[in-house]
Amino acid sequence: MATLKNNPYDLLEKEKISKKLLSDRVLKGLSIFDETLADMEQFPTDKKLKKEAEEIGKETIELVKEDIERIKEETHDEIEENSKKEIRKVQSKKVVEKAEKVLDDLSLCRQKLKEDRQRKIESGEIQPPKKKTLVTKLRQELVKTATLIPQKLKEDSDVIQRTQKAVLNFLNELKSIWGLNKIKPIQDEIKEKFKKLEEKAEAA
């Protein structure tokens, strides 16, 4: 998939903010964003879908920024003057109202995307998404393992090599247990992913 601008998860990672600290409205915005990303996986060449996904990401980032400010405030001294509390209360109400409007806009945008995609499928302009096979799903999950290596260990070549070995061994075990017969493409993609990680670690 092509690089997507306006990814709210990049901001959360940069600020080291856990999803557990986020408000319900932000979690709902992220959920809409996730659904749109899933659509992009099914229709990777749909330029309009990518543009809409980036717009949804942009709006979601605004919600995330407001939550980050709230979270940072709460980590500071909680004892403040009553007048400041009143001001914050008014500001908080405005933030909630703005967030609700943004979520409504995101939901509407999401609905329009669904309707547009359905229309294109019915007219034959695009093909309906193919159902992912077990092998495809397994490939995506195992390749994703490379990105789960803790940040402080991503520059350790030994950790990268041992992780790759563990993932490939796990894949071979599943081949035997599940009776899989087409795992070479998965092995090749896993090796390529870890090779890039090693090259990046060596260059650091």
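Computed from a predicted model, the values in this text were never measured in an experiment.
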Short question: side chain of [X], backbone of [Y] - any donor-acceptor pair under 3.5 Å?
| X | Y | answer |
| --- | --- | --- |
| Asp67 | Ser23 | yes |
| Ser107 | Asp104 | no |
| Thr36 | Ile32 | yes |
| Ser31 | Leu27 | no |
| Asn6 | Glu54 | yes |
| Thr147 | Lys144 | yes |

Considering all heavy atoms of both residues, which atom of [X] and which atom of [Y] are nearest to each other, and what is their separation?
| X | Y | answer |
| --- | --- | --- |
| Lys182 | Val135 | O-CG1, 3.7 Å |
| Ile68 | Glu15 | CD1-CG, 3.6 Å |
| Ala53 | Phe33 | O-CE1, 3.8 Å |
| Ser157 | Ala201 | OG-CB, 4.3 Å |

Nearest 0.5 Å, what's the [atom1]-[atom2] distance between [X] and [Y]?
| X | Y | atom1 | atom2 | result |
| --- | --- | --- | --- | --- |
| Met40 | Thr45 | CE | OG1 | 10.0 Å |
| Glu189 | Ile186 | CD | CD1 | 8.5 Å |
| Phe170 | Ile177 | CZ | CD1 | 8.0 Å |
| Leu180 | Leu171 | CG | CG | 7.5 Å |
| Glu59 | Lys101 | CD | NZ | 8.0 Å |
| Ile56 | Glu35 | CD1 | CD | 9.0 Å |

Close side-chain approach of [X] and [Y], heavy atoms under 4.5 Å:
| X | Y | result |
| --- | --- | --- |
| Lys58 | Lys5 | no |
| Arg139 | Pro185 | no |
| Leu63 | Leu103 | yes |
| Leu30 | Tyr9 | yes |
| Cys109 | Glu52 | yes |
| Val143 | Val167 | no |
| Asp116 | Arg119 | yes |
| Leu174 | Ile183 | no |

| message | One pair to check against side-chain contact (heavy atoms from CB on, under 4.5 Å): Glu66 and Val26. What are the steps and the verdict? | response | CA-CA 9 Å; Glu66 290 168 356; Val26 172; over 6 Å; no

If the threshold is 4.0 Å, N to carboxylate O, is there a salt bridge linking Asp188 and Lys184? yes

Other residues, nucleotides, ligands: >12 heavy atoms within 6.0 Å of [X] [atom1]:
| X | atom1 | answer |
| --- | --- | --- |
| Asn169 | CG | yes |
| Glu13 | CD | no |
| Lys175 | NZ | no |
| Lys193 | NZ | no |

Only residue of Arg110, Lys114, Lys50 satisfying side-chain hydrogen bond (donor to acceptor under 3.5 Å, both in side chains) with Asp39 is Arg110

Exactly one of Gln118, Gln111, Lys112 clears side-chain hydrogen bond (donor to acceptor under 3.5 Å, both in side chains) with Glu115, and that residue is Gln111

Item to check | Criterion side-chain contact (heavy atoms from CB on, under 4.5 Å) on Glu155 and Lys200, from CA distance to verdict | outcome: CA-CA 7 Å; Glu155 295 180 4; Lys200 188 174 180 181; over 6 Å; no

Report task. Could you give me the CA-CA distance, side-chain angles and deciding distance for Arg162 and Asp158, then say whether salt bridge (Lys or Arg N to Asp or Glu O under 4.0 Å) is met? Result -> CA-CA 6 Å; Arg162 288 168 60 193; Asp158 182 57; 3.5 Å; yes

